[in-house]
Amino acid sequence: MSLTAPKGTRDLLPPQTGVWRQVETCFAETCALFQYGEIRIPTFEYTEVFQHGVGDTTDIVQKEMYTFQDKGGRSLTLRPEGTAGVVRSFIEQGLSSRPYPVKLFYILNLFRYENVQKGRYREFHQLGLEAFGAPGPEIDAEVIALLSLFFERLGLRNICLHLNSLGTAACRQQYNEALRRYYQPHLEELCPDCQRRFEQNPLRLLDCKVAHDHELAQGAPLLFDYLDAESREHFDGVTRLLERWGIPYEIDKRIVRGLDYYSRTVFEFVSENVGTQGTICGGGRYDSLVETLGGQAVPACGFAIGEERLLMEMEAQGVLPSPQSPAGVFIATAEQAAVLPAAGLAQALRRRGISAAVDLCRRSLKAQMKYANRLGLPFSLVLGADELARGEAALRSMADGQEQPVRLDDPDRLAALINSAAPGAK
RNA sequence: GUGGAAUUAGCUCAGUUGGUUAGAGCGCCAGAUUGUGGCUUUGGAGGUCAUGGGUUCGAUUCCCAUAUUCCACCCCA
């Protein structure tokens, strides 16, 4: 038996989990400010949901899915992304009968069978949202405004917003043909990857890092020139709003997004601090996905933030919230006779919302004090024979060692005392 | 799927040009302090030297394979 977590997965332990929770809480609160509600969906779906939703030709479906048969012979897949499952739920639950737009956010763990590198794991986490039923550019811009506010609340700076439009499926197809016409004479010179891209996804040709191919891409036709009038108008609508809010953006004609379902607006937030996987957030509009998966034609828009990458960026910028020391009190017992009163007092304090712990290892008073110190608790409460005889305990401030007697029969007062001093605890 | 580097205590790392009981710092437990943490000091626990083969009188050390970690390609968050 191998006692290691499977490749590409990892354990998250306290106090690190507290940092994650703070980031997730901040996201949920920001979403609530824009009136999004949380959706929770299954960890696995029928495999077709992703085949049709993400697209049969994508890398995700072709080589990255954790697919298995259950005992009933059904083909199931651990979710490699959130959108397809949310759209499946939108259709199945009849959410199109809710008032539009339907605004949903999620915090999910996802699974992709890939080789591990910086900012990429086999199980990873995304903070994301989807908005259904709003056809205009206003929702695209608002979703970006939400992201902008979220990053601001986390204290992040200088995450570059890259913006592009892929147009409709029709003009993208025209453009793909134009690209092929442009590259056809040079087919032999292209790197093997690009020869494959030429067949499968010509848009990716623009993205190649090989020097020669990169040069060639400079002269390639621009997708912008193939946008229909409505897509142009839509795109202008997005940028107009971003400018109104003072949100900086950069038009990046190379961003393409890997998933088949995007149309018109696509965007990324990119950082230089996350290795070569610098995309912290990717999103855009997907007007035909609901229909593709068997629902009505409902336009939609969304994004996903890579939580691991977001945390890396926060660390690089030095804005990671420090893990919080526990608040509350450790009730130390100097005598066996104090164990029962200590247990009673601990529960009385907890009822009053004060975090309290007692010795569970039957250790010496000294060892108990050491324990309380190591946990970083602001207070300990010492119960011994002398104090018990007087109906008291000694409340000790761990920061300065000052002690004061407190009544054992007045937990309300004790709770108030601890609460009033707690905010100062580091 | 491909390529590079790495793997010694819970953590960060020394080390053995192949030789008997493998070390340090931090952390953990306990004592010095018979009712009190942090500083100091003393001691203790904790390692099949990633796993499996091979070479050798002898392998933690050399060789091969595998696993895992880190980084990169593809691609994505």
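Looking at heavy-atom distances under 4.0 Å, A:E268 makes no contact with the nucleic acid at all. As judged by a 4.0 angstrom heavy-atom cut-off over every strand, A:R112 is placed among the base-contacting residues. Counting non-hydrogen atoms under 4.0 angstrom, A:K366 reaches a base of the nucleic acid. Using a 4.0 Å heavy-atom criterion, one finds that A:I280 contacts the sugar-phosphate atoms exclusively. Looking at heavy-atom distances under 4.0 Å, A:A338 makes no contact with the nucleic acid at all. At a threshold of 4.0 angstrom between heavy atoms, the contacts of A:G384 include nucleobase atoms, whether or not backbone atoms are also involved. Here A:E307 lies out of heavy-atom contact (under 4.0 Å) with every strand. Residue contacts shown for A:G119 include a base, since a base heavy atom lies under 4.0 Å away. Counting non-hydrogen atoms under 4.0 angstrom, A:R197 reaches the backbone sugars and phosphates but no base. Looking at heavy-atom distances under 4.0 Å, A:A394 makes no contact with the nucleic acid at all. A:A304 comes within 4.0 angstrom of sugar-phosphate atoms only, judged by non-hydrogen atoms across all strands, and of no base.
Here the nucleotide nearest the side chain of A:A367, chosen from B:rC71, B:rA30, B:rU69, is B:rA30.
The base-pairing partner of B:rG38, taking Watson-Crick or G-U wobble contacts with both distances under 3.5 Å, does not exist among the strands shown. Applying the Watson-Crick and G-U wobble criteria (two distances, each under 3.5 Å), B:rG58 pairs with nothing in any strand.
Checked by distance alone, A:R396 brings a side-chain donor or acceptor within 3.5 Å of a matching partner on the base of B:rG37. At a cut-off of 3.5 angstrom, counting only N and O atoms as typed in the model, there is a donor on one side and an acceptor on the other between the side-chain of A:E387 and the base of B:rG35. For a distance-only test at 3.5 Å, the side chain of A:Q368 fails to qualify as a donor-acceptor partner of the base of B:rU36.
B:rG1 and B:rC74 have their C1' atoms separated by 9 Å, given to the nearest Å. Rounded to the nearest Å, the gap between the C1' atom of B:rC29 and that of B:rA9 is 15 Å. Taking atom C1' on both B:rG19 and B:rA24, the two are 23 Å apart, rounded to the nearest angstrom.
As rounded to whole Å, 15 Å separates atom C1' of B:rG37 from atom CD of A:Q402. For the pair A:E114 CD and B:rA77 C1', the computed distance is 10 Å after rounding to whole Å. Between A:K118 atom NZ and B:rC74 atom C1' there is a gap of 20 Å when expressed in whole angstrom units. Atom CD1 in A:I305 sits roughly 12 Å away from atom P in B:rA77 (whole-Å rounding).
Ring-plane geometry between A:H186 and A:Y182 is classed as tilted, the angle between the planes lying from 30 to 60 degrees on a 0 to 90 degree scale. Relative ring orientation between A:Y113 and A:Y66 is described as perpendicular, the plane-to-plane angle rising above 60° on a 0-90° scale split at 30° and 60°.
Here A:Y371 does not lie in a stacked arrangement on the base of B:rG37, lacking the combination of planes under 30° and ring centres under 5.5 Å apart.
The list of side-chain hydrogen bond (donor to acceptor under 3.5 Å, both in side chains) pairs with a residue in residues 308-319 of chain A, not counting sequence neighbours, reads A:H125-A:E308, A:S271-A:E313, A:N273-A:E313, A:E313-A:Q317.
Two residues, A:G283 and A:T9, neighbour RNA chain B, and the one matched to the more 5' nucleotide by heavy-atom proximity is A:T9. Sequence order on RNA chain B of the closest nucleotides to A:G401 and A:R374 puts A:R374 first from the 5' end.
In this structure, A:Q117 reaches the B:rA72 phosphate: one of its side-chain N or O atoms is under 4.0 Å from OP1 or OP2. In this model, the phosphate group of B:rC29 is approached by a side-chain N or O of A:R363 to a distance below 4.0 Å at OP1 or OP2.
A:E45 and A:T77 form no side-chain donor-acceptor contact under 3.5 Å, judged by distance and modelled atom types alone.
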>> Checking A:S231 against A:R264 for the side chain to side chain donor-acceptor pair (under 3.5 Å) test, could you report, in this order, the C-alpha distance in whole Å, the side-chain angles of both residues, the deciding distance, and whether it holds?
In response: CA-CA 6 Å; A:S231 291; A:R264 291 199 174 147; 3.0 Å; yes
